[in-house]
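Written below as structure tokens is the structure these notes are about.
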Amino acid sequence: MTDSITFPGEDRSNAARDVVAHQEPVALRTFTPSQAVLAKSAGCFHWTADGRRLYDYSSGVLVANLGHNPKSWLKRFVENFGWTPEIFKGGDGYAELVPLTAYNAITEVETLAVQKLLQSVQATHFGKRLDTVMWSASGSEAVIKALWACLHRDASRDIILATRGGFHGKKGLAGAVTGSETDANRDPRVRFISFPKDEIADHSQYGQPLDLSKYEAELRALHDEFGSRINCLITEPYLGGGGSYHPPKEYLQMLQRFCREHDILFILDEVQSNFGRTGKMYAFEKNEIEPDFVTLGKGLGNGVAVSGVVGRGDIMATLKYGEASDTWSANPIASAAVVATLDEFEATGVIKHAEQLTPIFFDGLNALKETGLIAKVRGEGMVFGIECADVNGTPAADVANAIVKACYLGQGDRGGIHFLGALAGKVLRVSPPMTMTLDEAKDSLDLLQAICRDLAASGLQS
Ligand SMILES: Cc1ncc(COP(=O)(O)O)c(C=O)c1O
């Protein structure tokens, strides 16, 4: 048990924080100094239990790409079940609706979700290998199922390659391919290769050619050591949880080339990037690569827990009846959310809209460097990382925490901004809903600038 975070004058929020602090372990959340208590949300805004309006710069954790509670999405979602106000009329009893759970059975909404998802990946022209969907309920489960499928194809091929500093989840094999070889209890089947970081540490370095020879040499050395034992390679299109590093497409294309040369299965983890974050519906499309498996999650259900692997059916077929089944995979609620999300993306042109937001965010975030609090800006599409600076003896990690807190407290009637705790110690992620209007984007960046300026002037006392 730990002391709960409190803020003066926030009676309702403090009461909620107190319950959580005493009846849930801290392990359930990553540390975020604001510990916001959210009472309601709409579009790109949250309202705290005590009534402060916050721009949401997190979208949950890159989940609510279409904004919070969009009415047209909600309408599509409930219609998939036949939920209408009428079902509550006429007393108690049961309603004749699509079941909320259909374990080991099939619902038509599941078949619709599969077909629409495959249409969506194949419409990119880079989805030739993506012909089958294996559902799951969280991002890490999607990663685990993709790895299971790969490992099942040939028991003599036991080595998994992963890119160093990545994040693929915390559970089981997903945790094993996260991080680096220095982590404790490392799974001996996993070997790491470098992901470019120094070369792309700031927006100003974008567009410069990347020397691939060092990465190619690492791959060659691993191939010399393990040969045909190498089964698969998993990477992210950009290091998300690892601190927001966005490589040029040549890097990912080089990984794919290596995989093809040696019959190694190529898994692209798009749990975070899928559904528009990089500026295209899928990052594999943006990077012009054709992975054997793509893992999807987060934005796939716009707030409903659903994930999955889309990829080669011939490899997935090596798993036998029941080997990838569980209570929640392909449940009707998840399927209905996927259908609603795909339909909404098709109907609304949100990705085109987000193209206009990208330069606004790059300008606004780069301008924060003038405050002295931000050293580097990275990103693409609608996902950015701002790396904090050491300021007059205050380490960057403390600067990041001070910004999160000051943004939560905001500026009177202008409200504040909701950030999650820093990534990689000192990087704050900026990933608002992609449906944010241009005016909301500019206003939120103005507010962020004002808060950072005041914080810098105060000597960092938030
Ligand atoms: C790229 C990537 N893969 C996998 C995961 C794990 O997803 P989950 O937390 O739903 O298990 C995440 C979560 O942040 C992620 O960013």
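For ligands, and for the atoms within them, numbers begin at 1 and follow the listed sequence.
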Tell me, which residues have any heavy atom less than 4.0 Å from some atom of ligand 1? Ser138, Gly139, Ser140, Phe167, His168, Gly169, Glu236, Asp269, Val271, Gln272, Lys298

Closest non-hydrogen atom pair between Leu222 and Arg191, with its separation: CD2-CB, 3.9 Å

For Glu261, what residues pass the side-chain contact (heavy atoms from CB on, under 4.5 Å) criterion, not counting sequence neighbours? none

Looking at Tyr238, Tyr57, Tyr245, Phe362, which hits ring pair (Phe, Tyr, Trp, His ring centres under 6.0 Å) with Phe384? Phe362

Quick one: which residue pairs count as a ring pair (Phe, Tyr, Trp, His ring centres under 6.0 Å) with a foot in residues 122-149, not counting sequence neighbours? none

What pairs meet the ring pair (Phe, Tyr, Trp, His ring centres under 6.0 Å) rule with one or both residues in residues 295-353, with sequence neighbours excluded? Phe275-Phe345

Should Leu233 and Leu265 be marked as a side-chain contact (heavy atoms from CB on, under 4.5 Å) after you check the CA-CA gap, both sets of side-chain angles, and the distance that decides it? CA-CA 6 Å; Leu233 183 154; Leu265 296 168; over 6 Å; no

